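All heavy atoms count here, side chains included; hydrogens, waters and symmetry mates do not. Just so it is clear, the model here is predicted, and its values are computed rather than measured.
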Amino acid sequence: IAFAQSAPSGPLSLEAALKLAQSRSSVLLAQDSAVTAAREMGVAAGQLPDPSLRFGLTNLPVTGADRFTLGRDFMTMRSVGVMQEFTRSDKRQARSARYESEARVTEAGRILTVANLQRETAVAWLERYYSERMREIYVQQRDEAKLQIEAADSSYRAGKGSQADVFAARSAVSQIEDRMAQADRQVLAANIRLARWIGEAATQSLDRLPLMDKTGIELAQLDAVVAHHPQIAVLKRQEDVAQADVVIAKTNKRADWSAELMFSQRGSAFSNMISINLSVPLQWDQKNRQDRELAAKLSMVEQARAQTEEMTREHAAEIRAMIIEWQSNRERLSRHDYSLIPLASERTRAALAAYRGGAGTLTTVLEARRGEIDARMERLRLAMDTARLWAQLNYLNPEGHSDAPVAATVRSTP
């Protein structure tokens, strides 16, 4: 059972956010209760039905001199009895096993919920982290652009520059501030999504990124990963429930029987009596009732198997595509780090040096700066997309689940 815990002090790490999200989840509490309920019902289903206490008044005269009298007519009897239905033990065991299968479905669903919870929390944490880094780039570039305004003003006053350069520099700052406003909105939206999972702790600053150089999944392991996917596990448990229904349908082809013991009291002039009754349902039309019920349950088993197979194929394709995209994105990130961003920075420095030396224009400097901003922002967007893929792959199974072949490791970067 999950209990809410307080947020840790200091910067909020991804690992701490995952633990906090799980401790706050009411869905997990509900699923724990559902497991308990199913198991309690399983115990109850394995017992005999409650006996029935019966009272009766038989053959009461309603006409003649003895009408509405209880002790004059020899046929009038006041009866009390107990009736018990004896459900077959195999049928009770089958019903109990069916509830146990339902409990296992809920347990598998709980694992799936934890996996989804961790994955969504990780994605929200990473989106906020990268949104804040994007805003930081805009702040840095805005501050540098403001210095460019001062330089353009000084050059204009000294008669070395034009007023158009001043307006161009101010326009560049306004454009950056407009993009900053959009970045602020993105940070706020990411924070709202994170607060959905961890509550007030979303107001804390975030710690460093975890190490995301591995996902714990290789294409060669794909079959094993898919076989242990929580959603596939839920479908397999649902297949077990359908199979349990088949067993119950088979036991229903053998009728239960009931026994009744009754004591009947007559008038004082007559002897009292006891009665023993046995009853058994006559399954005279099994081919249209019990056999058809069994056929329906068998069809539901085939339906569950087909759904499991189809979902397995779907997840295999999705995971394969995510792995390939993650690998491709990492190659693109390396290209940004070692080529695109350094070249964009060199272009800005070269344009700025030429402008200061009187060999270049401010327009060229501003264009180079916009190009550098775009390159850095593209790199961050690509990094955020790559981080989302990492979270989706790393938390296919919940962290710490013993049956999960996926190693969800969260480590801090130096």
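Between the Arg369 side chain and the Gln141 main chain, no donor and acceptor come within less than 3.5 Å of each other. With hydrogens and angles disregarded, a donor-acceptor distance shorter than 3.5 Å links the side chain of Asn272 to the backbone of Arg266. Proximity of a side-chain donor or acceptor of Asn277 to a complementary backbone N or O of Glu260 within less than 3.5 Å is not detected. Within the 3.5 Å criterion, the main-chain N or O of Gln22 finds no donor-acceptor partner in the side chain of Ser25.
The ring pair (Phe, Tyr, Trp, His ring centres under 6.0 Å) test applied to Phe263 returns no partner, not counting sequence neighbours. Considering only residues two or more places apart in sequence or on other chains, His336 meets the ring pair (Phe, Tyr, Trp, His ring centres under 6.0 Å) condition with none of them.
A salt bridge links Glu100 with Arg104: the closest approach of a Lys/Arg side-chain nitrogen to an acidic carboxylate oxygen falls below 4.0 angstrom. By the 4.0 Å N-to-carboxylate-O rule, Glu132 lies close enough to Arg128 to be salt-bridged with it. Remark: Glu309 does not engage Arg305 in a salt bridge, criterion side-chain N to carboxylate O under 4.0 Å. A salt bridge does not link Arg110 with Glu107: none of the charged nitrogens is closer than 4.0 Å to a carboxylate oxygen.
Residues Pro11 and Leu206 have side chains not in contact (no heavy-atom distance under 4.5 Å, counting atoms from C-beta outward).
Under the 30°/60° scheme for interplanar angles, the aromatic rings of Trp390 and Tyr395 are found to stand perpendicular.
Remark: the Glu372 side chain and the Ser345 side chain contain an N/O donor-acceptor pair separated by less than 3.5 Å. Of the N and O atoms on the side chains of Glu293 and Gln290, not one donor lies less than 3.5 Å from an acceptor on the other residue. Of the N and O atoms on the side chains of Gln265 and Ser79, not one donor lies less than 3.5 Å from an acceptor on the other residue.
Paired with Asp90 under the rule salt bridge (charged side-chain N to carboxylate O under 4.0 Å, His left out), one option of Arg95, Lys253, Arg254, Lys250 passes, and it is Arg254.
Contacts classified as salt bridge (charged side-chain N to carboxylate O under 4.0 Å, His left out) and involving residues 314-330 (residues at least two apart or in different chains) are not found.
The minimum heavy-atom distance between Asn59 and Thr76, with the atom names listed, is O-OG1, 2.7 Å. Minimum heavy-atom separation, Arg92 to Gly46: NH1-O, 2.9 Å.
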